Amino acid sequence: MGSPIKPGRYFLSGNIASAEAAILAGCRFYAGYPITPSSDLMEHLARRFPQVGGILVQMEDEIGSIAAAIGAAWTGAKAMTATSGPGLSLMAENIGFAAMTETPLVIVDVMRGGPSTGQPTIASQGDVMQARWGSHGDYEIIALSPNSVQEYFDLTIKAFNLAEEYRVPVLVLSDAEIAHMVESIVVPEDVEVVYRETYPAGVRVPRPFEAKCDDCVPPFPVFGRGNKVHVTGLTHDERGYPDTVSPETHSRLVWRLVNKIRKNADRIADVEVLNPDADVLIVSYGIASRSVYAAVKAGRAGLFRPRVLWPFPERRFAEVVEGKKVAVVEMNTGQYFYEVERLALKHGAESVHLMPRLGGAHPKPREVVDFVGGLGGGA
Amino acid sequence: MEFFEFYRRERWPTIFCPGCGIGIVMNALYRALDELNVDLDKVVFVSGIGCTGRVPGYINADSLHTTHGRPLAYATGIKLANPDLDVVVISGDGDLGAIGGNHLIHAARRNVDMTVIAVTNFIYGLTGGQVSPTTPHKMLSTTTPYGNWEYPFSLALLVAASGANYVARWTTSHPYQLKNAIKEAFETPGFSFVEVLSQCPENFGRRNRIADPPTLMRWMRERTMPLKDVMEEVSSPLELVDLNITGRFAIGKFVRRKRKTHGQLLRGEEDSLESLRG
Ligand SMILES: Cc1ncc(C[n+]2csc(CCOP(=O)(O)OP(=O)(O)O)c2C)c(N)n1
Ligand code: SF4
Ligand SMILES: [Mg+2]
């Protein structure tokens with residue numbers, strides 16, 4: 001039997017690094033359906049899983065893929081699927097199911113140009129809102145955004161840890177470029193790996209969905225251990241039984257699902273902040289943010305770069321945004337901008353501006369410098 | 001196993017309408033697992049959405065009430081991730097045959113080791129009586145108020161053709177055969193499929209003026225023909241498809257074969273042509 005990747009320095013592409021990170025984080029179940037630019041992640045796991053005791057199945061579509069991953073998760077496995085925009089659209093309903101049933105799950109979405117089949121091989125950041133709001137109803141997920149192969153590796157591990165801790169679907173939003181660029185990364189000696197809290201075997205759990213507080217996460221009853229849990233996507237009470245008409249039961253459940261993430265947003269937050277004293281504050285993330293460092297290094301702007309996009313790191317943002325001209329640099333028509341603008345103005349920013357790029361065209365470092373200059377950001 | 005060892009007492013009574021066939025199916029399932037002395041702690045019951053989809057919620061075991069059409073994909077993940085568990089899926093004809101049809105074909109093709117009970121009540125029961133892929137030609141539903149102008153198909157034939165190791169079809173007026181079929185299905189390694197023609201007096205019967213449950217059961221029973229009798233009359237099993245279209249239902253055991261299961265194949269076991277014919 002082989003082993004997870006050993007500590008050391010490697011030269012890897014993003015999707016391979018993410019796949020290796022999944023193994024290191026304890027993932028042993030993968031169900032997926034091929035789609036560019038995510039397929040090589042699955043192909044790598046297809047080679048690696050048999051060596052480490054993992055199980056991989058290529059399902060008939062993305063709906064079946066996420067469904068199989070959720071089913072596996074209820075047997076106690078750390079489960080994962082990877083896809084791109086069209087597949088994420090198909091997964092939408094079952095993402096809501098995972099949120100409603102508090103199933104730990106990791107979804108890697110390698111973003112490409114949309115809508116529809118769009119630009120299959122070209123990077124975009126067009127799924128930022130779909131990741132947040134793609135399923136119906138009120139719920140919260142966690143979404144992470146790497147801007148290098150190293151971060152893709154680190155954040156994939158973090159995604160599993162957060163999924164286990166909060167019992168929630170966690171998305172890793174990479175893109176066609178982060179996925180396929182090859183960079184040097186370091187696999188550290190000590191990697192923190194979190195496992196969900198479970199109920200003991202052989203004990204019937206009469207109230208498996210009862211949490212210690214109204215924004216807490218209950219322990220996980222694993223199928224096959226005699227906990228006898230009923231899991232349903234219907235609104236359910238603490239026993240797990242459907243109660244589909246009571247406003248109290250629905251509110252209590254949905255507020256807990258939402259608040260276990262919202263109220264812990266500060267703990268979940270992970271932001272890179274540079275030059276916070278500059279007049280102009282650039283908000284950027286993922287691949288787009290790679291072009292922003294030139295302006296930041298030239299001292300023309302500060303940077304606020306969330307590695308956790310959702311929940312939005314509001315407290316950290318509030319600390320640095322007051323009185324600033326805020327510039328959002330992203331590769332879509334301005335999706336994260338919606339939330340940035342709302343919160344920037346709420347927390348006293350002077351103005352909020354958007355530098356969008358579409359079609360795989362990068363914001364070039366020079367263009368960012370000029371854009372910031374246009375806002376009065378000077379060296 | 002006592003009745004209330006199998007069922008969650010605190011969830012009684014069920015949501016099912018008086019005279020609904022789902023109760024008979026549940027009872028057959030209970031008796032089959034009781035006679036097999038099954039350890040309920042090692043069985044996971046999975047369903048999709050529909051009246052039938054509510055069944056697992058009444059059983060005193062681990063159960064997963066999934067999304068509409070997807071129970072077989074969820075169940076595939078459960079079985080792959082923990083092969084020590086027995087997986088029983090129970091869901092409606094619309095769930096398994098329409099929105100979930102692709103998962104049905106592929107779960108049968110993979111021969112995933114699980115037992116599937118399909119409750120074919122010829123209608124979408126839960127949502128109030130819309131046409132389903134099994135509604136007989138010309139019969140009434142809320143979305144075919146002038147009669148179903150399309151042809152239905154037979155889930156049992158579809159699944160047999162897709163590669164399942166066991167397929168049988170009975171009606172709710174064959175409770176004894178049904179129980180035995182569920183036992184045989186449960187004991188057969190690989191994908192096992194028991195289709196039960198079941199009465200929905202509320203949404204299929206009433207609209208077609210056969211609302212009285214015993215009359216509706218008689219209506220179904222009169223339209224059934226034992227598979228072995230049918231096979232003497234037809235030149236090819238494909239003619240069974242036409243039989244279904246004309247509102248006649250072959251019942252009995254369709255196949256029992258010994259193909260390697262999904263799990264066995266994963267572990268590298270292989271079939272020979274002889275064993276496949278076996
Ligand atoms: C994605 C989705 N589409 C539609 C529905 C609405 N819906 C719920 S049950 C059902 C059909 C149920 O029919 P069947 O599967 O035959 O089960 P029965 O109620 O007859 O047992 C439909 C269309 C849904 N819940 N989800
Ligand atoms: S609507 Fe039909 S299938 Fe549903 S519970 Fe009533 S009788 Fe049974
Ligand atoms: Mg039905």
Side-chain angles (χ1 to χ4, degrees), chain A residues 28-31 50 54-79 81 92-98 100-101 103 105 135 201-202 204-206 208 221-234 236 239-242 244, chain B residues 5 8 10-11 15 39-49 53-87 89 99-107 109-110 112 114 262-263 266-268:
Chain A
R28 291 296 180 272
F29 187 90
Y30 181 100
I55 296 205
L56 179 139
V57 60
Q58 180 172 321
M59 293 297 287
E60 49 276 11
D61 58 29
E62 287 86 349
I63 304 176
S65 301
I66 184 171
I70 295 171
W74 277 96
T75 71
K78 291 191 180 186
T81 184
E93 185 191 13
N94 284 337
I95 291 176
F97 182 87
M100 188 61 149
T101 55
T103 308
L105 180 70
S135 202
R204 177 156 189 192
V205 184
V222 179
F223 280 179
R225 290 192 184 169
N227 292 163
K228 292 190 186 296
V229 60
H230 179 56
V231 181
T232 177
L234 288 170
H236 45 274
R239 297 172 301 174
Y241 295 167
T244 56
Chain B
E5 271 171 58
R8 294 178 185 264
E10 66 274 26
R11 294 221 56 215
I15 60 153
D39 176 5
L40 274 190
D41 284 357
K42 293 291 163 205
V43 187
V44 180
F45 296 85
V46 185
S47 65
I49 301 296
R54 289 300 199 104
V55 169
Y58 297 113
I59 300 174
N60 201 6
D62 292 323
S63 50
L64 189 62
H65 180 215
T66 69
T67 46
H68 190 30
R70 318 300 167 195
L72 294 176
Y74 281 87
T76 299
I78 293 172
K79 186 66 192 179
L80 275 173
N82 186 350
D84 295 337
L85 299 177
D86 283 312
V87 181
V89 176
I99 189 167
N102 203 28
H103 305 304
L104 181 63
I105 295 168
H106 288 281
R109 168 181 68 79
R110 295 187 177 104
V112 187
M114 58 172 78
H262 199 219
L266 181 68
R267 290 188 292 278

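Quick caveat: nothing in here was measured; it's all calculated off a predicted structure. So that the names make sense, note that chain A is the first sequence line, chain B the second, and so on, each numbered from 1.
Considering only heavy atoms from C-beta on, A:Phe223 comes within 4.5 Å of B:Ile78 through its side chain.
Residue contact with chain B, scored on non-hydrogen atoms closer than 4.5 Å, involves the backbone of A:Arg225 exclusively. In this structure, chain A has no heavy atom under 4.5 Å from any part of B:Ile105.
Contacts with chain A were tallied for B:Pro71, B:Ser47, B:Ala61; B:Ala61 has the most, counting heavy-atom pairs under 4.5 Å. Ranked by heavy-atom pairs under 4.5 Å with chain A, the list B:Thr76, B:Leu40, B:Val44, B:Ile49 is led by B:Val44. In terms of heavy-atom pairs under 4.5 Å with chain B, the best-connected choice from A:Gly233, A:Ala68, A:Ala67 is A:Ala67. Listed options B:His106, B:Glu10, B:His65 were ranked by heavy-atom pairs under 4.5 angstrom with chain A; first place goes to B:His65. Ranked by heavy-atom pairs shorter than 4.5 Å toward chain B, the options A:Lys228, A:Glu93, A:Met100 are led by A:Lys228.
Nearest heavy atoms, B:Ala73 versus A:Gly64: CB-CA, 3.6 Å. In terms of heavy atoms, A:Thr75 sits closest to B:Ala81 at OG1-CB, 3.3 Å. Summarising the geometry of B:Arg110 relative to A:Met59, their closest heavy-atom pair is NH2-CA, 3.4 Å, with the distance given to 0.1 Å. In terms of heavy-atom proximity, B:Ser63 sits nearest to A:His230 at OG-ND1, 2.6 Å. Summarising the geometry of A:Ile55 relative to B:Leu80, their closest heavy-atom pair is CD1-O, 3.3 Å, with the distance given to 0.1 Å.
Atom-to-atom distance recorded for A:Arg239:CZ and B:Arg11:CZ is 8.0 Å, nearest 0.5 angstrom. For the atom pair A:Thr103 OG1 and B:Leu64 CG, the distance stands at 7.5 Å (nearest 0.5 Å). The CG atom of B:Leu72 lies 9.0 Å from the CD atom of A:Glu60; values are rounded to the nearest 0.5 Å. Here NE2 of B:His103 is found 5.5 Å from CD1 of A:Ile63. Values are rounded to the nearest 0.5 Å.
In this pair, B:Tyr74 and A:Phe97 present their aromatic rings perpendicular. The plane angle is above 60°, beyond the 30 to 60° band.
Within the 3.5 Å criterion, the main-chain N or O of A:Val229 finds a donor-acceptor partner in the side chain of B:Asp62.
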Test side chain to side chain contact (heavy atoms under 4.5 Å, CB included) on B:Asn60 and A:Arg204 and set out the steps. CA-CA 10 Å; B:Asn60 201 6; A:Arg204 177 156 189 192; 3.2 Å; yes

Working for side chain to side chain contact (heavy atoms under 4.5 Å, CB included), residues A:Leu234 and B:Arg54: CA-CA 10 Å; A:Leu234 288 170; B:Arg54 289 300 199 104; 3.6 Å; yes

